[in-house]
There are 2 protein chains.
Amino acid sequence: METKAATSIFESLSSSWRLEAFRLLVKQGPEGMVAGDIASALDIAPSSLSFHLKALAHAGMVTVEQEGRFQRYRANIPLMLDLIAYLTEECCSGNPGKCVDLRAASSCADALLPPILPKQAKS
Amino acid sequence: METKAATSIFESLSSSWRLEAFRLLVKQGPEGMVAGDIASALDIAPSSLSFHLKALAHAGMVTVEQEGRFQRYRANIPLMLDLIAYLTEECCSGNPGKCVDLRAASSCADALLPPILPKQAKS
DNA sequence: ACAACTATTCAACAATTATGGAAACGATGC
DNA sequence: GCATCGTTTCCATAATTGTTGAATAGTTGT
């Protein structure tokens with residue numbers, strides 16, 4: 001992952017509205033949620049939520065799918081895991097005894113991902 | 001972790017300077033780095049780096065220790081792991097078959113942490 | 001006490017981001 | 001086709017954040 005992409009993601013999670021929305025979607029899993037339900041759950045003005053969801057979508061942290069007149073949002077779990085890997089990679093380099101492998105193993109990933117996360121296995 | 005603390009952390013990682021500085025410190029491990037060396041490594045104006053390190057410190061992501069006339073900064077690895085746990089907790093709730101346990105296991109944590117991360121084990 | 005060194009604080013300015021209401025857009029059902 | 005519904009876009013305004021260089025503060029060695 002590139003720095004620019006990572007900062008974009010962190011920026012997208014740096015507001016309470018956006019973080020709450022994303023966590024709601026993570027909790028919801030593959031089912032996702034439509035915009036109106038998110039707005040109700042968070043008690044936020046629709047235009048404001050739209051602004052924030054757009055930021056999350058631009059960072060890639062959520063996906064949108066049209067569903068009739070609704071917009072269904074889903075958390076991008078694979079990207080979340082990529083971010084975690086990015087954040088923790090090379091942790092304590094030079095102290096091999098202290099740092100082994102931080103990469104998260106996720107059954108959520110197993111359930112949701114195609115052949116993503118080809119990440120090098122780090123000996 | 002509370003939402004407010006989490007957004008503060010994400011905000012602290014949402015600028016390129018701050019993310020690069022933090023990653024540098026993660027890489028450096030327990031040894032940390034003094035401010036001047038960070039500034040040299042990133043090629044950033046001292047006052048600007050100070051501004052960003054202050055943001056990271058305020059969020060708790062780095063610690064500072066005076067060392068003679070230097071200020072030594074270190075990444076707060078335990079907090080980083082807390083953040084990861086916060087981000088991934090309750091992932092796909094309601095789909096127990098899909099989501100088991102995302103919590104990262106870190107030997108870095110083992111090396112650095114006191115008795116931190118008492119996190120509930122999530123049934 | 002003084003000078004050199006490291007780092008932070010300050011202040012002014014520039015740039016970006018957040019907000020909510022109104023308008024617009026696309027989809028649906030009568 | 002028209003009214004309705006869900007959502008986004010637009011707009012003006014308010015608030016926050018980032019950047020520089022100069023000034024300040026603390027530490028060390030002479």
Side-chain angles (χ1 to χ4, degrees), chain A residues 3-25 28 31-76, chain B residues 3-25 28 31-76:
Chain A
T3 300
K4 195 178 171 186
T7 55
S8 173
I9 293 174
F10 286 126
E11 201 284 325
S12 80
L13 297 174
S14 70
S15 105
S16 295
W17 292 128
R18 293 197 292 266
L19 181 56
E20 289 298 320
F22 179 72
R23 273 165 56 83
L24 200 53
L25 291 174
Q28 211 64 16
E31 186 189 341
M33 279 180 93
V34 298
D37 289 346
I38 300 174
S40 300
L42 300 183
D43 193 25
I44 183 181
S47 70
S48 194
L49 176 65
S50 193
F51 169 81
H52 290 300
L53 287 176
K54 190 178 179 180
L56 281 165
H58 183 257
M61 285 302 268
V62 303
T63 58
V64 201
E65 187 188 2
Q66 185 142 13
E67 195 176 292
R69 40 180 122 175
F70 303 87
Q71 297 285 118
R72 181 166 297 272
Y73 285 86
R74 292 185 179 84
N76 186 348
Chain B
T3 300
K4 195 177 170 186
T7 55
S8 173
I9 293 173
F10 286 125
E11 202 284 328
S12 80
L13 297 174
S14 70
S15 106
S16 294
W17 292 129
R18 293 196 292 265
L19 181 56
E20 291 296 321
F22 179 73
R23 275 164 57 81
L24 199 53
L25 291 175
Q28 211 64 16
E31 186 189 341
M33 279 179 93
V34 298
D37 289 346
I38 301 175
S40 299
L42 301 183
D43 192 26
I44 182 180
S47 69
S48 193
L49 176 64
S50 194
F51 170 82
H52 291 300
L53 287 177
K54 189 178 180 181
L56 282 165
H58 182 257
M61 285 301 269
V62 303
T63 59
V64 201
E65 187 189 3
Q66 185 142 15
E67 196 176 293
R69 39 180 120 170
F70 302 87
Q71 298 285 117
R72 181 167 297 272
Y73 285 86
R74 292 184 179 85
N76 185 348

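Below, read A as the first sequence line, B as the second, and so on, with proteins coming before strands; counting in each chain starts at 1.
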Integer-rounded Å distance: C/dA27 P and A/R69 CZ: 11 Å
Results of side-chain hydrogen bond (donor to acceptor under 3.5 Å, both in side chains) for B/S8 - residues two or more places apart only: none
Note, A/L13 side chain near A/M61 side chain (heavy atom, < 4.5 Å): yes
5' precedence on DNA chain C between B/P46 and A/I44 (nearest-nucleotide basis): B/P46
B/I38 CD1 - C/dT6 P separation (whole Å): 15 Å
Rounded distance (Å) that lies between atom C1' of C/dG20 and atom CH2 of A/W17: 12 Å
Positions of residues 47-67 of chain A (non-hydrogen atom under 4.0 Å from DNA chain D), listed by number: A/S47, A/S50, A/K54
Heavy-atom closest contact (A/V62 atom, A/F22 atom, distance): CG1-CD1, 4.2 Å
Near-strand residues of residues 5-16 of chain A, defined as heavy-atom separation under 4.0 angstrom from DNA chain D: none
DNA chain D: 5'-most and 3'-most nucleotides touching chain A, 4.0 angstrom heavy-atom criterion: D/dT4 to D/dT9
Sugar-phosphate, base or nothing in reach of B/R18, heavy atoms under 4.0 Å: sugar-phosphate
Sub-4.5 Å side-chain heavy-atom contact between B/Y73 and B/I38: yes
Smallest separation among heavy atoms of A/A41 and A/L24, with atom names: CB-CD2, 3.7 Å
N or O in side chain of B/Y73 less than 4.0 angstrom from C/dT8 OP1/OP2: yes
Heavy-atom donor-acceptor pair, B/S50 side chain to B/P46 backbone, under 3.5 Å: no
Taking every non-hydrogen atom, the tightest pair across A/W17 and A/L42: CZ3-O, 3.4 Å
Within residues 54-66 of chain B or reaching into it, pairs that qualify as side chain to side chain donor-acceptor pair (under 3.5 Å) - sequence neighbours excluded: B/E65-B/R74
Qualifying residues under salt bridge (charged side-chain N to carboxylate O under 4.0 Å, His left out), relative to B/R69, sequence neighbours excluded: none
Degree of bending, the helix from C/dA1-D/dT30 to C/dC30-D/dG1 (end axes from five pairs; round to 10°): 30°
Partner set under side-chain hydrogen bond (donor to acceptor under 3.5 Å, both in side chains) for B/Q71, not counting sequence neighbours: none
Sequence neighbours excluded, every pair satisfying salt bridge (Lys or Arg N to Asp or Glu O under 4.0 Å) that has a member inside residues 3-19 of chain B: B/E11-B/R18
Residues that A/T3 engages under side chain to side chain contact (heavy atoms under 4.5 Å, CB included), provided they are two or more places apart: A/T7, A/Y86, B/S16, B/L19, B/E20
